[in-house]
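So the structure is just underneath, and the comments pick up after that.
Numbering of residues begins at 1 and proceeds along the displayed sequence.
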Amino acid sequence: MLTKALSIFAVLPLTTAGVVVLTQTQAGAAPCRGRGGDTTDCKAVVRIPGRKADRSTSGGRPPGTIVADPCATDPACAGASMQGPAAAPVTTADMVQVAMASMTMPKPKLFTSPKGRTYVGVQTFFWVDPAQWHTQSATPDPVQGQAIKATATPTAVEWNLGETTMTCNGPGKPYDPAGPRTQTSDCAYGYQRSSAGQPGNKYQISATISWTVKWTCAGAGCAQNSGQLPAMASTSFAQLPVGEIQTNAKPG
């Protein structure tokens with residue numbers, strides 16, 4: 001026989017749709033008969049802990065009462081946590097770009113012999129600071145089993161001399177006053193015209209160093225072990241006045 005407490009509440013089994021919660025009827029009310037001969041003193045409704053029903057979708061039932069579990073039969077739905085998507089893996093290409101972004105190519109320092117100015121017909125030597133003529137490298141911290149090293153090696157210098165252009169396979173060299181008068185350089189040029197009439201009466205010149213860029217990757221996470229990237233360049237500008245040598249010779 002049910003106790004007095006159970007005459008007010010009836011206990012029903014759990015359903016796959018959620019937790020069965022009973023609504024209390026008035027104490028002392030006559031038993032009701034439901035389908036299948038049910039003689040409980042209460043009416044069962046389905047509630048899902050932690051969820052609230054909208055009146056517009058629950059047939060006018062009080063908030064908190066729903067008639068269907070929105071998670072259906074998915075047990076992971078009710079306990080799912082609010083987490084964002086998993087972070088995308090870092091690729092070898094990503095790491096190479098990080099290495100390149102951290103590498104700065106030095107702008108060339110320009111020099112000429114004669115220093116600061118020259119003259120028509122004079123073999124003028126051009127060069128960039130040889131201290132800059134060495135490999136640049138970058139090695140960012142390893143990520144996800146990928147240790148990247150990027151290197152940039154200078155290969156040539158292209159000079160724009162205002163009157164012409166020339167390409168040198170090295171940094172060039174200065175003229176040696178103590179050397180022979182016949183010394184030459186693959187980075188030497190003799191101007192044909194003065195710079196008179198140019199902006200500021202000077203030739204606008206520039207030197208551009210070309211850099212060959214390669215990279216290597218060590219580690220279990222590397223998609224490739226090595227590769228080559230498009231060439232890089234660094235440029236500097238200067239002004240060079242070119243005069244004409246006047247002679248005092250008079251026709252005989």
Side-chain angles (χ1 to χ4, degrees), residues 16-19 47-54 57 66 68-111 126-161 165-173 186-187 204-238:
T16 59
V19 179
R47 295 177 185 270
I48 303 300
R51 294 193 174 89
K52 295 182 179 180
D54 189 332
T57 60
I66 59 177
D69 186 351
C71 286
T73 59
D74 181 5
C77 172
S81 60
M82 300 298 290
Q83 296 179 347
V90 178
T91 67
T92 301
D94 293 334
M95 292 296 295
V96 171
Q97 291 303 317
V98 169
M100 292 306 304
S102 65
M103 187 168 10
T104 302
M105 302 298 105
K107 291 188 176 182
K109 297 179 181 178
L110 283 58
F111 300 92
F126 297 85
W127 75 96
V128 298
D129 187 355
Q132 298 177 308
W133 199 262
H134 62 83
T135 298
Q136 307 291 324
S137 63
T139 54
D141 293 337
V143 174
Q144 297 180 2
Q146 302 173 92
I148 298 291
K149 181 177 182 180
T151 59
T153 304
T155 55
V157 184
E158 182 176 353
W159 288 86
N160 186 331
L161 303 179
T165 61
M166 64 180 180
T167 300
C168 309
N169 294 324
K173 64 180 182 179
D186 65 348
C187 261
Q204 314 302 307
I205 69 173
S206 66
T208 300
I209 300 178
S210 296
W211 303 82
T212 298
V213 184
K214 298 180 180 180
W215 60 268
T216 59
C217 183
C222 298
Q224 294 178 251
N225 294 326
S226 62
Q228 185 164 341
L229 296 175
M232 299 181 68
S234 54
T235 303
S236 291
F237 301 89

First locate atom [atom1] of [X], then atom [atom2] of [Y], and finally report the distance between them rounded to the nearest 0.5 Å.
{"X": "Thr212", "Y": "Met232", "atom1": "OG1", "atom2": "CE", "result": "11.5 Å"}
{"X": "Ile209", "Y": "Glu158", "atom1": "CD1", "atom2": "CD", "result": "12.5 Å"}
{"X": "Gln97", "Y": "Ser102", "atom1": "CD", "atom2": "OG", "result": "11.0 Å"}
{"X": "Lys109", "Y": "Ser236", "atom1": "NZ", "atom2": "OG", "result": "10.0 Å"}
{"X": "Trp215", "Y": "Met103", "atom1": "CH2", "atom2": "CE", "result": "13.0 Å"}
{"X": "Asn160", "Y": "Gln204", "atom1": "CG", "atom2": "CD", "result": "10.0 Å"}

If you compare all heavy atoms of [X] against all heavy atoms of [Y], which two are closest, and at what distance to 0.1 Å?
{"X": "Pro154", "Y": "His134", "result": "CD-O, 3.5 Å"}
{"X": "Thr167", "Y": "Ala156", "result": "CG2-CB, 4.2 Å"}
{"X": "Ser137", "Y": "Thr151", "result": "CB-CG2, 4.0 Å"}
{"X": "Trp211", "Y": "Ala152", "result": "CE3-O, 3.6 Å"}
{"X": "Leu229", "Y": "Met100", "result": "CD1-CG, 3.5 Å"}

Residue pairs involving residues 88-111 (criterion ring pair (Phe, Tyr, Trp, His ring centres under 6.0 Å); sequence neighbours excluded)
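The answer is Phe111-Trp127.
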Check whether Thr155 reaches the backbone of Ser210 with its side chain - one donor and one acceptor, N or O, closer than 3.5 Å.
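Side chain of Thr155 to backbone of Ser210, a donor-acceptor pair under 3.5 Å: yes, one is there.
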Gln146 side-chain N/O to Val90 backbone N/O, donor-acceptor pair under 3.5 Å
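A pair under 3.5 Å: yes.
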Yes or no on side chain to side chain contact (heavy atoms under 4.5 Å, CB included) for Val128 and Trp159, after CA distance, side-chain angles and deciding distance?
CA-CA 10 Å; Val128 298; Trp159 288 86; 3.9 Å; yes
Would you indicate whether the side-chain heavy atoms of [Y] and [X] approach each other to under 4.5 Å?
{"X": "Val98", "Y": "Ile148", "result": "no"}
{"X": "Pro106", "Y": "Gln136", "result": "yes"}
{"X": "Gln132", "Y": "Pro108", "result": "yes"}
{"X": "Cys217", "Y": "Met95", "result": "no"}
{"X": "Phe126", "Y": "Leu161", "result": "yes"}

side-chain hydrogen bond (donor to acceptor under 3.5 Å, both in side chains) for Gln224 and Thr92? Distances and angles first, verdict last.
CA-CA 7 Å; Gln224 294 178 251; Thr92 301; over 6 Å; no
